[in-house]
Engineer: 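Sharing a structure here in structure tokens format.
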Amino acid sequence: MNVNSASIELSSYRDQHFKGSRAEQDRLLRTSCTLYVGNLSFYTTEEQIYELFSRCGDIKRIIMGLDKYKKTPCGFCFLEYYQRADAENCMRYVNGTRLDDRIIRTDWDAGFIEGRQYGRGKTGGQVRDEYRSDFDSGRGGYGKILQQKVGSMAEGAF
């Protein structure tokens, strides 16, 4: 395996909500031109994403991840290229780089389906942001569960 091929291999992550078999999902992942982009700042714009990712090829569309209740950005997006080779270059050269002062990560996606742009966490955002215990200004401060605990404790103090 050459150095560049390792960066485009499929990761172990699989979408638990995929409607189909594991074999079908793997087949789609191996031919997909769609990437999941994670660890974005809640303040990163579609224009910033386009500026960075278009260096790898022509982008078909960007679908921003949104909080399912507030409809505000929640730190991820789906990025669709016209050609697989451009998506592979993105996996090689953009994954792990810095955008808006955050180390972003890219992974293969089997293809965007309407509804997947919304966070799956109980509070509307991403599940991983609900359980975070550190302060992250780029992702809304403390994790949502910690924010709720602190908020309810503060209300009880009065």
Engineer: Shortest non-hydrogen contact from Tyr118 to Lys71?
Structural biologist: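 Smallest interatomic distance, heavy atoms only, reads CE2-CD, 3.8 Å.
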Engineer: Write down the atom of Ala87, the atom of Cys33, and the distance for their closest heavy-atom approach.
Structural biologist: CB-O, 4.1 Å
Engineer: Just verifying a value: how many Å separate Ser32 OG and Gln25 CD, rounded to the nearest 0.5 Å?
Structural biologist: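 That separation rounds to 10.5 Å.
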Engineer: Report the distance from atom SG of Cys74 to atom CG of Leu66, rounding to the nearest 0.5 Å.
Structural biologist: 6.5 Å
Engineer: Heavy atoms only: give me the nearest Lys60-Tyr82 pair and the separation to one decimal.
Structural biologist: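 Answer, listing the atom of Lys60 first, then Tyr82: CA-CE1, 3.5 Å.
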Engineer: Can you tell me how far CG of Asp109 sits from CG of Asp107, rounded to the nearest 0.5 angstrom?
Structural biologist: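 The CG atom of Asp107 sits 8.5 Å away from the CG atom of Asp109.
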Engineer: Rounded to the nearest 0.5 Å, how far does OH of Tyr81 lie from OG1 of Thr34?
Structural biologist: 11.0 Å
Engineer: Side chains of Thr97 and Leu52: does their closest heavy-atom pair fall under 4.5 Å?
Structural biologist: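 In short, these two side chains touch, coming nearer than 4.5 Å.
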Engineer: Are any non-hydrogen side-chain atoms of Glu88 and Trp108 less than 4.5 angstrom apart?
Structural biologist: yes
Engineer: Restricting to non-hydrogen atoms, name the atom on Met64 and the atom on Glu46 that form the minimum distance, rounded to 0.1 Å.
Structural biologist: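 For Met64 and Glu46, the tightest heavy-atom pair comes out as CG-OE1, 4.0 Å.
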Engineer: My understanding is that only residues two or more places apart in sequence, or in another chain, count here; which of them pass side-chain contact (heavy atoms from CB on, under 4.5 Å) with Gln83?
Structural biologist: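 So Gln83 forms a side-chain contact (heavy atoms from CB on, under 4.5 Å) with Asp86.
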Engineer: Between Asn95 and Thr106, what is the shortest heavy-atom contact and its length?
Structural biologist: OD1-N, 2.7 Å
Engineer: Would you give the length of the straight line joining atom CZ of Arg84 to atom CZ of Arg30, rounded to the nearest 0.5 angstrom?
Structural biologist: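 Arg84 atom CZ to Arg30 atom CZ measures 9.5 Å (nearest 0.5 Å).
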Engineer: Residues two or more places apart in sequence or in another chain: which of them pass side-chain contact (heavy atoms from CB on, under 4.5 Å) with Glu47?
Structural biologist: Thr45
Engineer: Measure the shortest side-chain to side-chain distance between Arg55 and Tyr93 over non-hydrogen atoms and say whether it is less than 4.5 angstrom.
Structural biologist: no
Engineer: Relative to the ring of Phe78, is the ring of Tyr36 parallel (under 30°), tilted (30 to 60°) or perpendicular (over 60°)?
Structural biologist: perpendicular
Engineer: Output, in order, the C-alpha distance, side-chain angles, deciding distance and verdict of side-chain hydrogen bond (donor to acceptor under 3.5 Å, both in side chains) for Asn39 and Arg102.
Structural biologist: CA-CA 7 Å; Asn39 203 38; Arg102 302 187 65 79; 3.0 Å; yes
Engineer: Donor-acceptor pair, distance only, cut-off 3.5 Å: does the side chain of Glu24 make one with the backbone of Arg22?
Structural biologist: no
Engineer: Partners of Asp58 by salt bridge (Lys or Arg N to Asp or Glu O under 4.0 Å), sequence neighbours excluded?
Structural biologist: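 Testing Asp58 for salt bridge (Lys or Arg N to Asp or Glu O under 4.0 Å), a comparison that skips the adjacent residues, returns none.
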Engineer: For the residue pair Leu35 and Cys90, what are the closest heavy atoms and their distance?
Structural biologist: CD1-SG, 3.5 Å
Engineer: Is there a side chain to side chain contact (heavy atoms under 4.5 Å, CB included) between Ile49 and Leu40 once you walk through the steps?
Structural biologist: CA-CA 9 Å; Ile49 293 166; Leu40 295 172; 3.9 Å; yes
Engineer: Under a 4.5 Å side-chain heavy-atom rule over Ile, Leu, Val, Met, Phe, Trp and Tyr, are Leu28 and Ile113 clustered together?
Structural biologist: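 Unlinked, Leu28 and Ile113 end up in two clusters.
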Engineer: Going by heavy atoms in the side chains, are Thr72 and Phe42 under 4.5 Å from each other?
Structural biologist: no
Engineer: In terms of hydrophobic clusters joined by side-chain contacts under 4.5 Å, are Leu10 and Met91 together?
Structural biologist: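 Linked within one cluster.
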Engineer: To the nearest 0.5 Å, what is the distance between CG (Leu99) and CZ (Phe53)?
Structural biologist: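 One finds 6.5 Å between CG of Leu99 and CZ of Phe53.
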